[in-house]
Amino acid sequence: MEYKTILFSVKDGIAWIRFNRPKKLNAMNAQVITEIERVIVECESNDEIKAVIMIGNEKAFIAGADIKPLSDADVNSAFRLVELTTRMQERLADLPKPTIAAISGFALGGGLEVALCCDFRLAAENAVLGLPEITLGIIPGGGGTQRLTRLVGLGPAAEMLLAGVTIKAEKALSIGLVTEVVPVDQLEIKAEDLAMRLAVIPAVAMKACKTAMRSGLNCGLKEGLRIEEMAFCMLFGTLDQKEGMKAFLEKRKPKFLGK
Ligand code: HXC
């Protein structure tokens with residue numbers, strides 16, 4: 001499939017989605033959002049893909065929604081943008097394959113919100129993360145008030161949301177917003193290492209675990225535990241469960257089939 005605002009490649013089972021609007025620090029207009037959604041659908045349907053890396057360039061992951069078209073938006077066009085964004089984000093968060101946001105430079109506003117939909121966030125030492133929408137007279141509209149708060153808790157989230165404070169990589173690590181901080185020139189290799197480790201995990205177990213983990217956030221403990229119980233038992237109907245346990249007992253490496 002053809003994309004104009006992103007570069008897409010697949011190598012060794014890893015999909016690389018590179019945001020590519022460098023003159024605008026990868027700011028997201030409707031075309032970018034639509035293309036991200038389309039590429040996620042492509043990642044979902046391509047069985048060769050086992051893990052996904054989202055990355056920008058050294059200066060920016062994504063510096064937010066494109067402020068130009070937003071500046072004269074009305075209520076209706078704001079709704080359209082939010083709907084487009086939410087659809088893309090839900091596809092990303094629900095993708096049954098592991099996703100990594102590899103962040104160098106600015107991850108602001110809608111850009112940080114994309115990273116919040118990924119399973120892992122790796123930050124280069126130069127990363128700057130924030131939800132500065134409030135300083136523009138709006139609030140985050142792509143899940144920031146909800147996903148950031150759930151991830152890091154109310155205190156650190158309030159500083160970023162209400163004061164519009166941007167934070168650097170080390171601070172992001174200390175509040176649990178990113179999983180690791182790495183030198184700028186190591187970001188790709190570290191993201192690839194992580195993706196390779198995730199890519200060999202049995203695909204059905206990955207899907208079940210991700211679904212249980214994420215669905216559990218949207219319901220109470222009891223319902224979450226039922227989801228886990230069903231997913232756990234269902235995995236005993238897979239060939240990979242048989243192979244994984246047999247290989248352990250035979251003291252050899254498993255050969256997973258993804259079913
Ligand atoms: C449109 C943007 C942009 C953005 C950068 N640019 N961010 N254009 N929307 N979000 C453009 C600049 O206008 C400029 O274009 C070029 O990219 C380089 O940016 P500079 O500002 O010259 O770079 P620098 O001085 O290094 O400052 C970087 C920056 C700053 C701190 C990231 O650009 C900035 O504050 N950007 C806005 C960040 C922001 O508020 N994001 C939240 C957006 S609202 P020209 O043509 O002048 O060279 C949002 C809502 C989501 O995300 C809603 C979802 C539903």
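Counting starts at 1 for both ligands and their atoms, in listed order.
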Considering distance alone, does some N or O of [X] sit under 3.5 Å from an N or O of ligand 1?
X	result
K24	yes
A65	yes
G110	yes
G109	no
L136	no
K59	yes

Atom pair [atom1] ([X]) and [atom2] ([Y]), whose distance is rounded to the nearest 0.5 Å:
X	Y	atom1	atom2	answer
L217	L151	CG	CG	9.5 Å
D240	K259	CG	NZ	9.5 Å
I6	I36	CD1	CD1	6.5 Å
E159	L131	CD	CG	12.0 Å
I103	L122	CD1	CG	8.0 Å
L148	L177	CG	CG	6.0 Å

For ligand 1, which atoms have a heavy atom of [X] less than 4.0 angstrom away?
X	answer
D66	1 (C), 9 (N)
G141	55 (C)
L108	32 (C), 38 (C)

Consider side-chain hydrogen bond (donor to acceptor under 3.5 Å, both in side chains). Of E42, E35, R38, which one does Y3 pass it with?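 Going through the options one by one, the only one that passes is E42.
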Contact bool for [atom] (protein heavy atom, d < 4.0 Å):
atom	answer
atom 7 (N) of ligand 1	yes
atom 12 (C) of ligand 1	no
atom 22 (O) of ligand 1	no
atom 34 (C) of ligand 1	no
atom 47 (O) of ligand 1	no
atom 25 (O) of ligand 1	no

Are a donor atom and an acceptor atom from the side chains of S104 and N57 found within less than 3.5 Å of each other?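 The answer is no; no qualifying pair exists.
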Checking side-chain polar atoms at under 3.5 Å, does S77 have a donor or acceptor matched by the opposite partner on D74? yes
Going by the rule ring pair (Phe, Tyr, Trp, His ring centres under 6.0 Å), which residues pair with F79 if we only count those two or more places apart in sequence or in a different chain?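 With neighbours one apart ignored, the set is empty.
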Check T85 against ligand 1 and report side chain, backbone, both or neither, counting heavy atoms closer than 4.0 Å.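 For T85, only side-chain atoms sit under 4.0 Å from ligand 1.
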Is A27 touching ligand 1 with its side chain, its backbone, both, or neither, if touching means heavy atoms under 4.0 Å apart?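 Side chain only.
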Look at [atom] and say which protein heavy atom is nearest, naming residue and atom and giving the distance to 0.1 Å.
atom	answer
atom 37 (C) of ligand 1	I67 CD1, 3.8 Å
atom 19 (O) of ligand 1	L25 CD1, 3.6 Å
atom 50 (C) of ligand 1	E133 OE2, 3.5 Å
atom 54 (C) of ligand 1	G142 N, 3.9 Å
atom 39 (C) of ligand 1	A63 O, 3.6 Å

Solution key, residues 13-20 side-chain donor-acceptor pairs under 3.5 Å, sequence neighbours excluded:
unit_1, atom_1, unit_2, atom_2, d
R18, NH1, E188, OE2, 3.0
R18, NH2, E188, OE1, 3.3

May I ask you to decide whether R252 forms a salt bridge with E243, counting only side-chain N to carboxylate O separations under 4.0 Å? yes
Is it true that K23 lies under 4.0 Å from ligand 1, counting heavy atoms only?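 The answer is yes: ligand 1 sits under 4.0 Å from a heavy atom of K23.
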For the residue pair A163 and I134, what are the closest heavy atoms and their distance?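 Of all heavy-atom pairs spanning A163 and I134, the closest is C-CG2, 4.2 Å.
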In a check of side chain to side chain contact (heavy atoms under 4.5 Å, CB included) between M88 and each of V39, V32, I33, which one passes? I33
